[in-house]
Each structure stands twice: as structure tokens, then as C-alpha cells.
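Below: the structure, in C-alpha cells.
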Number of protein chains: 2
Amino acid sequence: MSNYSIQNIDRFSAVFSALSNPHRLQIYTLLSGCCPPGSACNVNSIHSCCVGDLGNELDIAASTLSHHLKELSHAGLINMQREGKQIICSINNDMLDAIRQYFQVNSEVHNEPEAG
Amino acid sequence: MSNYSIQNIDRFSAVFSALSNPHRLQIYTLLSGCCPPGSACNVNSIHSCCVGDLGNELDIAASTLSHHLKELSHAGLINMQREGKQIICSINNDMLDAIRQYFQVNSEVHNEPEAG
DNA sequence: TCTATATTTCGAGATATGTCGAACTATAGT
DNA sequence: ACTATAGTTCGACATATCTCGAAATATAGA
């Protein structure tokens, strides 16, 4: 299978566009369960959190944060669902798998010695 | 290990920025040895090719192509080396590994049931 | 219904990006 | 030295992106 189709190119360039902004990548990385600076790296780290929690890490205006979250969501990278007054954000694992696939495919098919 | 450091965020957001443009992602995908439309997908597909070859696939001005290649190169995604009159482009496999790592790390560390 | 909290939408300004054509540089062959 | 081929640099313009503050919407509780 090939990554080379207009659809794939457009779909994934939109995904990488969403991850191209440092603030958005920081959000995505936080949601990936990774360890914020100063915290121990353990399995209790966040895998989902509300918009306000993210805002506490980022030092940007709430409206800017909201804008970035919308971009990540539209690209299919994260899920957002309301829970009471808050909106909970989490990684979309299907898209994460698709990205991994994107960077895996070619080497599997091609990186072999040129057997006759 | 964590992806969460200013250096990593800045480094990888620059990488994703390079991949966020459809033309650049197309170039990168072509160089990944993937099959251009209409060609058979086999191990003899290109893994490196010169600037002109890429230009034949893309339908953009030579100056635009040159600009895009510089971006990919500066981000560390591809190698460029002169061979006679031509300049040969190829995937930088170290960076490809780093990207794979980036999307792998967190799940390995965190995606387990919360054992006491 | 009034208030407080959480988040989004809107409008505007500053900066970054993508694109082109024209002019330039580098290499190889005659 | 001259010519042809391969690719880059420069300057300009159009469009997209990032950011903010102010105003609006949504939910929960008194």
C-alpha cells in the first residue's frame, strides 16, 4: 500500500499543519500523557484533561487556546466532549495509529536489498 | 523518556511545519520510495532522485521547488548532495527514526492499566 | 432568575508562508 | 571562452496564520 494519493497527501498535510505550531504540539504532547516539566513521569500522568488545565500550562489567552484546540480537533488529532461545565480533551488514538502507519509503510515495502 | 521539553517541542514543530505543505509532503513521500501514481509499486522505486526529477512530478515553478527543498533540508528531513550538474535528494533516515520515536514514546510508557 | 465558572466566537492587527518570474551561480562539454 | 543544463537567490505580491481583548454562550448552583 502506498501513501501516495491526493487524499492521503491532503489529509496528512492537514494533520502536520495542526502539529506545526509549538503551542499546539505542546497541547498534543501533554495529552499524549507525557510528563510536564517538574513532574515525575509515571502512569498516573494525564491522558485527558479539561481546557482550563491545558490553559494553566500554556501562558496564552483563553481564546487562543480555544482556537488551537479547534484546529487539533478538526484535524482529527484529539477528541473533545463536554462534561458539565468543562470540556474534556483527549488523544484520538485512531489518528495516532494512522500517523504511525504513515511513517512505517514505505520502509516495510522498499528497504530491502534488491533481490532479483 | 519524555517528548516534553522546549527543545523537542520546537524541533518537532519545525519538522511538522516542513511536512504541513502538500507540495513538500508530496516530495517527502516520493523520496520515501513510495509509488507515484501510474507506476508499479516495487523495490526498484526511487529512494533518491535529483531536483529535476521531483520537478517533473509537481507542476510548480523551479524556484518554488527549490524553496520547498530548502525547507525540508533545514528541518533535517532530507539530504541534498551535488553530483555533477545535478543535486541528489534523499530521505534522512535519522530524522525518520526520530519522528517514529516521537509517536511511539508515550504509549509505551503510559498505556498500561494502573498497577499499584 | 441571578451569579459564577468554563469555554467559544468575533474582529482586528501583526507576522509568516507560498508562489512566481527574472536574474544569478555552478558544472560539464565543445 | 562559449554554450547548454541544473539549480538557487531575490523581490514582490496574495493569502494564511497567530494572537489578543471584548463580547457572547453554556452549565451549575444559590
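Numbered from 1 within each chain, the chains take letters A, B, ... in sequence-line order. Keep in mind that this is a model prediction, so the values were computed, not measured.
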Review point. Side chain of A:N92, backbone of A:G76: donor and acceptor closer than 3.5 Å?
Key: yes
Practice item. Spell out, as yes or no, whether a donor-acceptor pair under 3.5 Å connects the side chain of A:R82 to the backbone of A:G84. Key: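 Indeed, once roles are kept as given, a pair shorter than 3.5 Å links the two residues.
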Using atom [atom1] of [X] as one end and atom [atom2] of [N] as the other, report the distance to the nearest whole Å.
{"X": "A:K85", "N": "C:dT3", "atom1": "NZ", "atom2": "C1'", "answer": "10 Å"}
{"X": "A:Q86", "N": "C:dT8", "atom1": "CD", "atom2": "P", "answer": "12 Å"}
{"X": "B:I60", "N": "C:dG21", "atom1": "CD1", "atom2": "C1'", "answer": "14 Å"}
{"X": "A:L72", "N": "C:dT8", "atom1": "CG", "atom2": "P", "answer": "12 Å"}

At 4.0 Å (heavy atoms only), tell me whether [X] reaches a base, stays on the sugar-phosphate, or touches nothing.
{"X": "A:H23", "value": "sugar-phosphate"}
{"X": "B:L69", "value": "nothing"}
{"X": "A:L65", "value": "nothing"}

Do any side-chain atoms of residues 58-75 of chain B form donor-acceptor pairs under 3.5 angstrom with protein atoms, and if so which ones, sequence neighbours left out?
unit_1: B:H68; atom_1: ND1; unit_2: B:R24; atom_2: NH1; d: 3.1

Review point. Looking at B:F103 versus B:F16, is the centre-to-centre ring distance below 6.0 Å?
Key: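 Under 6.0 Å, so yes.
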Review point. Are OP1 or OP2 of C:dT19 and a side-chain N or O of B:H68 less than 4.0 angstrom apart?
Key: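 Yes, B:H68 has a side-chain N/O under 4.0 Å of OP1/OP2 on C:dT19.
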Check your understanding: Contact boundaries of DNA chain D with chain A (under 4.0 Å, heavy atoms), 5' to 3'?
Key -> D:dC18 to D:dA28
Revision key, fill the gap. Of all heavy-atom pairs linking B:C89 and B:L31, the shortest is O-CD2, 3.6 Å
